[in-house]
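Treat the numbers as computed from the prediction; the structure is a model and nothing was measured. One-based numbering, in listed order, for ligands and for the atoms of each.
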Amino acid sequence: MHSKVVIIGSGPAGLTAALYAARANLEPLVIRGLQPGGLIATTSEVENYPGFVEAIGGFELADNMEKQAARFGARYMDALVEKVDLSQRPFRLLTDGGEEVTAETLIISTGASPRKLGVPGEEKLANRGVSYCATCDGFFFRGKKVVVVGGGNSALDESLFLTRYVSELTIVHRRDALRADPILQERIFANPKVNFVWDSVVEEILGDDKVTGVRVRNVKSGETSVIATDGVFPYIGHIPNTWLFKGQLELDANGYIIADHRTRTQIPGVFAAGDVVDHVYRQAITAAGEGCKAAMEAVWFLGEQEHAAKKAAESVAALA
Ligand code: NAP
């Protein structure tokens, strides 16, 4: 399969790039990846995407973006890219289904994944009480107790969502102050279902075939204690999904792709947008803005290539 514009990843960056490339009649191919719609699709409610007076569900927002781009000719492939060769154009991609895709330009919008706690019990009890998606799994914790780890916007947003279902929610945070925006802090402190365990980290998730508790350590006193719980939701930040590009693209010390303010990587024709480059803002709206830039850059890049090819052909014809 060959496409003038291939987009890896289908969050707000990828889908906005798809919209702009499709409106330029380039029929972009979006390879959706592991998490169609990206992280925003796992977010319960989005209140800060411009244009929506009331909150919109994250899944609905991503679904709308996908349909909007499809209306102008964007194509979608449900696959995971397992290998890329960026050494020459067209770039070559190999999917988990064994399909080879070639691309004249590539827009990388593979986003970032939830950071794991990396403690004993986390892997064993994944989907048995350990979840990274309150929107997906909150319903299963009706009337139960849960622990949320972290003090950022994600931890608080998703905690507020979980309080619709759970009987009690404990936020375990490694400091004694939250990082989240004041508006979320106000709401969380006013919620009677929520209590806090400050200055503490989770050391182990307990349970045999389902979560029964977490062992936490107070980082100031060193004391450990056990909190009985039915579920654990870690929201402690993200790591960029860039393993595919190691050795081919410049990455920073934290693994984010290095791109300039026009989304250009060091390889002409390869652009990067959204959480895969951005460890500062990480908003759906900033990702969408970068996706727009990346698509416009791809359109201009292809135009320049066509112009150069035409000039070269004219020179050859003049010599003949
Ligand atoms: P974040 O802002 O990086 O917060 C991560 C939280 O986890 C911090 O409180 C941090 O503690 C804690 N943490 C990090 N590593 C830890 C570890 N190993 N053990 C225990 N705790 C750890 O990440 P986020 O909340 O996922 O948000 C990501 C971005 O998305 C942010 O820019 C955020 O503003 C944005 N976002 C916005 C909204 C919204 O606007 N409504 C909603 C969700 C996300 P410290 O505070 O001590 O560093």
Going by the atom numbers of ligand 1, which of them fall below 4.0 Å from some non-hydrogen atom of Tyr235?
-> 6 (C), 7 (O)

Report yes or no: is the cationic atom of Lys293 (NZ for Lys, CZ for Arg) under 6.0 Å from the centre of the six-membered ring of Tyr20, at an angle within 45° of the ring normal?
-> no

Residue and atom name of the nearest protein heavy atom (relative to atom 24 (P) of ligand 1), distance in Å to one decimal | Ser154 OG, 3.2 Å

What protein heavy atom sits nearest atom 36 (N) of ligand 1, and how far off is it?
-> Asn153 CB, 3.7 Å

Regarding Ser131 and Asp137, is there a side-chain donor-to-acceptor distance under 3.5 Å anywhere?
-> yes

Short side-chain donor-acceptor distance under 3.5 Å, Ser3 and Arg75 = yes

4.0 Å heavy-atom contact, Glu158 with ligand 1 = no

Among protein heavy atoms, which lies nearest atom 32 (O) of ligand 1, and at what distance?
-> Tyr281 O, 3.3 Å

With only distance considered, is Val149 within less than 3.5 Å of ligand 1 through an N or O on each side?
-> no

So does Arg92 have more than 12 non-hydrogen atoms from other groups sitting under 6.0 Å from CZ?
-> no

Over 12 foreign heavy atoms within 6.0 Å of CZ, Phe189 = yes

Do Tyr165 and Phe140 have ring centres separated by under 6.0 Å?
-> no

What residue and atom, counting heavy atoms only, is the protein's closest point to atom 9 (O) of ligand 1, and at what distance?
-> Gly151 N, 2.9 Å

Under 3.5 Å between some N or O of ligand 1 and some N or O of Arg175?
-> yes

Polar proximity ligand 1 side, Arg115 side, N/O cut 3.5 Å exclusive = no

For the side chain of Ser315 and the backbone of Lys311, is there at least one donor-acceptor N/O pair under 3.5 Å apart?
-> yes

What protein heavy atom sits nearest atom 21 (N) of ligand 1, and how far off is it?
-> Ile236 CG2, 3.5 Å

the protein heavy atom lying closest to atom 10 (C) of ligand 1 turns out to be Arg174 NH2, 3.8 Å

Leu117-ligand 1 polar pair, N/O distance under 3.5 Å = no

In sequence, state the C-alpha distance, the side-chain angles, and the governing distance for Glu204 and Lys124, and then conclude on salt bridge (charged side-chain N to carboxylate O under 4.0 Å, His left out).
-> CA-CA 11 Å; Glu204 185 177 0; Lys124 181 180 84 174; over 6 Å; no

Using heavy atoms and a threshold below 4.0 Å, how should the contact between Val201 and ligand 1 be classified: side chain, backbone, both, or neither?
-> neither

How close does the nearest protein non-hydrogen atom get to atom 48 (O) of ligand 1, and which residue and atom is it?
-> Arg179 NH2, 2.6 Å

hydrophobic_cluster_shared for Phe271 and Met296, side chain cutoff 4.5 Å = no

Does ligand 1 have any atom sitting under 4.0 Å from a heavy atom of Gln283?
-> yes

Candidate with minimal heavy-atom separation from atom 23 (O) of ligand 1, of Ala284, Gly237, Gly152 = Gly237

Return yes when atom CD1 of Ile183 has more than 12 non-hydrogen atoms of other residues, nucleotides or ligands closer than 6.0 Å, and no otherwise.
-> no

Enumerated ligand 1 atoms positioned under 4.0 Å from heavy atoms of His238 | 26 (O)

Out of Ile8, Thr242, Leu251, which one pairs with Val276 under the side chain to side chain contact (heavy atoms under 4.5 Å, CB included) rule?
-> Thr242

Tell me, which protein residue and heavy-atom name are nearest atom 41 (N) of ligand 1, and how many Å apart are they?
-> Asp157 OD2, 3.0 Å

